[in-house]
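Report on the structure given below.
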Amino acid sequence: MIALVDVNDFYVSCERAFAPRLEGLPVGVLSNNDGCVVARSRELKALGVAMGAPMHLLPPAIRRQAVLLSSNYALYGDMSRRVNAILAEFSPDVEVYSIDESFLGFAGIEPATLEAHGQRLRETVRRDTGLPVCVGVAPTRVLAKVANRLAKRQPAFEGVCPLEADSDVTRHVLERLPVVELWGVARRTGERLALMGIDTAWQLRQADPARIRRAFSVVMERLVWELRGHPAIDIEDLAEPRQRILVSRSFGRLTGEPSDLQAAVRQHAARAAEKLRRQGSLARAVQVFLRTSPFPVGAPQYRNSVVVPLARPSADSRDLLEAAGRGLAAILREGYRYQKCGVMLLDLVSGQARQLSLLEEVQSETTRGRSQRLMATVDRLNREMGRDTVRFGLPRQDSPWALRCERRTPRYTTRWDELMRVKTG
DNA sequence: TCTGGGGTCCTAGGACCC
DNA sequence: TCTGGGGTCCTAGGACCC
């Protein structure tokens with residue numbers, strides 16, 4: 001059996017764990033730039049605020065009533081690590097799926113004790129972190145997702161719901177579950193399934209896998225098997241290095257200044273390079289993209305991207321920034337007001353098992369060693385002394401592309417200075 | 001004035017080769 | 001005048017997730 005453990009309204013629950021006065025209030029957490037609502041408490045959902053609703057379009061009455069906070073990723077990331085450390089005590093086999101969800105192998109646990117095991121897990125997480133979690137247990141990941149949803153919505157389960165592959169309960173549940181509520185089915189696929197007369201999860205389970213594969217893809221076929229209780233989905237091992245690394249941001253306000261874009265692209269490239277080195281990889285190409293805002297009606301639109309191959313695989317910020325700068329120069333057009341740009345590192349290879357190319361041999365061991373030591377020093381200084389202690393190029397004060405986050409709560413668990421301010425201020 | 005960010009997988013179709 | 005066909009590799013873009 002597989003358990004899916006999921007923190008209820010994760011970002012909101014993290015905020016509440018440190019500010020109990022938020023309990024019972026309609027609370028929302030906003031995306032970068034305080035743009036959209038990306039997490040909602042039960043009370044905020046009840047007010048009709050949709051996931052992803054743009055903040056500036058919320059009715060004034062709701063904005064007055066609700067507590068809307070900027071996102072505090074340092075806090076959420078740290079809380080997530082704490083939760084997973086606890087989960088590891090309940091299973092030797094934890095797959096971290098996202099910041100607020102993990103799959104646990106529950107093999108070898110007596111079916112009769114599954115529920116009690118799940119309840120102990122819930123209580124431990126609650127006691128040690130203050131966060132509420134729900135647990136769904138089933139033979140496959142897709143069914144565990146369904147079970148988790150039940151655990152969350154039906155109070156009778158008290159947060160833990162086991163679901164067998166073949167039972168009257170399972171059939172009853174799947175018959176009432178719209179197919180678009182399933183993990184892996186969204187609007188587009190839902191529309192096409194509806195044309196085939198498939199509206200519920202149960203109908204999809206009963207469909208012919210070969211037919212589903214022809215009409216859609218192997219992904220959808222696996223979903224059918226999973227619904228029947230046959231495991232067909234492997235989750236990527238999160239210990240595996242990423243295949244691409246992306247850093248992108250919307251600007252705090254639109255800008256057409258080439259120097260703004262250059263500064264932003266350099267910063268994104270530097271951040272991406274840090275992520276690259278953290279996972280011990282080298283990149284063979286750098287992609288740069290930019291775009292105008294799709295929202296203002298009538299404003300001229302432009303979006304473009306370019307891939308710049310590197311002469312040799314590199315994790316040196318100087319190489320990556322240089323390539324990103326060339327890429328930007330190739331696609332930047334004047335006369336537009338840009339909303340977003342980003343840098344993606346592609347074609348990643350392991351730093352150890354790197355293949356030597358002819359070109360690469362030209363670079364001496366000495367040069368390579370020097371580059372690695374320099375980058376290691378930069379990363380260490382930034383880690384120990386704070387982000388941006390060392391950076392490439394000149395900092396700019398008050399740049400238009402700086403993020404807005406006016407409503408962020410203190411980083412309680414990772415910054416002493418901010419914690420002290422809470423206590424004394 | 002203000003509309004997120006970072007990933008994955010899969011497929012279609014073009015480029016290229018013989 | 002007639003202008004192949006099949007295989008492989010790669011990339012862009014679609015769809016989805018949290």
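In what follows, chains carry the letters A, B, and so on, assigned in the order in which the sequence lines appear, proteins first and then strands, with residues in each chain numbered from 1. Keep in mind it's a predicted model, so treat the numbers as computed, not measured.
Side chain of A:Leu254, nearest nucleotide from B:dC2, C:dC17, B:dG6: B:dC2. Of all nucleotides listed (B:dT3, C:dC18, B:dC10), B:dT3 comes nearest to the side chain of A:Phe295. Here the nucleotide nearest the side chain of A:Val247, chosen from B:dG4, B:dG6, C:dC18, is B:dG6. Of the listed nucleotides (B:dC9, C:dC18, B:dT3), C:dC18 has the atom at the smallest distance from the side chain of A:Lys145. Closest to the side chain of A:Val218, from the set B:dT11, C:dC18, B:dG6, is B:dT11.
When the ring-ring contact (aromatic ring centres under 6.0 Å, His included) test is applied to A:Phe90, the partners found at least two apart in sequence or on another chain are A:His117. Here A:Thr409 pairs with A:Glu15, A:Asn72 under the side chain to side chain donor-acceptor pair (under 3.5 Å) rule; sequence neighbours left out.
Contact of the A:Leu328 side chain with the A:Gln262 side chain is registered, since non-hydrogen atoms from C-beta on lie closer than 4.5 Å. Side-chain contact between A:Arg40 and A:Tyr11: absent, with no pair of heavy atoms (C-beta onward) separated by less than 4.5 Å.
In DNA chain B, runs of at least 3 stacked Watson-Crick or G-U pairs (N1-N3 plus N6-O4 or O6-N4, or N1-O2 plus O6-N3, all under 3.5 Å) give these stems: B:5-18 with C:5-18.
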Got a list of protein N/O to nucleotides 12-16 of chain C N/O distances below 3.5 Å?
unit_1	atom_1	unit_2	atom_2	d
C:dA15	OP2	A:Arg188	NH1	2.9
C:dA15	O3'	A:Thr189	OG1	3.3
C:dC16	OP1	A:Ala186	N	3.3
C:dC16	OP1	A:Ala186	O	3.4
C:dC16	OP1	A:Thr189	N	2.8
C:dC16	OP1	A:Thr189	OG1	2.3

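Ring planes of A:Tyr336 and A:Tyr338: tilted class, angle from 30 to 60°.
When heavy atoms are screened at a 4.0 angstrom cut-off, A:Asp34 is found touching no nucleic acid atom at all.
Side-chain N/O atoms of A:Ser250 include one lying less than 4.0 angstrom from OP1 or OP2 on B:dG5. Taking side-chain N and O atoms only, A:Gln243 has a distance below 4.0 Å to OP1 or OP2 of B:dC9.
Between A:Asp78 and A:Arg411 there is no salt bridge, since no side-chain nitrogen of the basic residue lies less than 4.0 Å from a carboxylate oxygen of the acidic one.
Atom-to-atom, CG of A:Asn33 to P of B:dG5 comes out at 6 Å; the value is rounded to the nearest Å. Regarding A:Arg249, its CZ atom lies at a distance of 19 Å from the P atom of B:dC2, rounded to whole Å.
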Determine all donor-acceptor pairs shorter than 3.5 Å in which one atom belongs to a side chain in residues 44-61 of chain A; sequence neighbours excluded.
unit_1	atom_1	unit_2	atom_2	d
A:Lys45	NZ	A:Asp9	OD1	2.9

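The stretch residues 63-85 of chain A does not touch DNA chain B, since none of its heavy atoms comes less than 4.0 Å from the strand.
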